[in-house]
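Below is one structure, written out as structure tokens, with a few remarks after it.
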Amino acid sequence: GIGGMIPGFEEGIKTMRIGGNRRIVVPPELGPPVGPSTFFSARQFEVFDVELLTVSSCDRKEYAFGLISKVVCETLLDSAV
């Protein structure tokens, strides 16, 4: 949970196990940002079918006084373990 994903999606994958499948239904209040610069144009429910293949530890790195950021991840577990 570093805020790198849609909040409702992040909530939905927190309790998943590697190799697990889940349908995540994200309500508008936990959905993605909307606006002309995003893919999402209206407040609506979003549905994701997810299979968890690996678990990573991620950190958000900020540059240029916080105007630019990138998420850097390190794999902790994967389906081969």
Side-chain angles (χ1 to χ4, degrees):
I2 61 167
M5 293 185 277
I6 297 169
F9 183 84
E10 200 166 304
E11 281 293 317
I13 63 171
K14 280 183 179 178
T15 58
M16 287 185 72
R17 295 175 186 241
I18 293 174
N21 294 291
R22 181 172 291 174
R23 174 166 283 175
I24 300 172
V25 180
V26 179
E29 60 272 12
L30 295 175
V34 297
S37 64
T38 67
F39 174 76
F40 303 96
S41 61
R43 286 284 182 187
Q44 58 195 14
F45 283 80
E46 301 292 335
V47 179
F48 301 92
D49 289 318
V50 179
E51 179 181 6
L52 186 63
L53 301 176
T54 188
V55 175
S56 300
S57 172
C58 300
D59 290 310
R60 181 177 294 277
K61 306 289 184 187
E62 293 188 358
Y63 305 93
F65 307 105
L67 297 173
I68 301 171
S69 67
K70 102 176 160 178
V71 176
V72 179
C73 299
E74 173 186 347
T75 299
L76 301 176
L77 300 169
D78 61 33
S79 58
V81 174

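Note that this is a predicted model, so its numbers are computed, not measured.
- Take Val50 and apply the side-chain contact (heavy atoms from CB on, under 4.5 Å) test, not counting sequence neighbours, and it matches Phe9, Ile13, Met16, Ile24, Phe48.
- Residues satisfying the side-chain hydrogen bond (donor to acceptor under 3.5 Å, both in side chains) criterion with Asn21, sequence neighbours excluded, are absent altogether.
- The stretch residues 19-28 participates, sequence neighbours left out, in these salt bridge (Lys or Arg N to Asp or Glu O under 4.0 Å) pairs: Arg23-Asp49.
- Every residue two or more places apart in sequence or in another chain was checked for a salt bridge (charged side-chain N to carboxylate O under 4.0 Å, His left out) with Arg17, and none qualifies.
- Heavy-atom minimum distance, Gly31 versus Pro7: O-CD, 3.8 Å.
- Taking the salt bridge (charged side-chain N to carboxylate O under 4.0 Å, His left out) definition, one finds that Glu11 meets it with Lys14, sequence neighbours left out.
- The distance from atom CD1 of Ile18 to atom OG1 of Thr54, rounded to the nearest 0.5 Å, is 6.0 Å.
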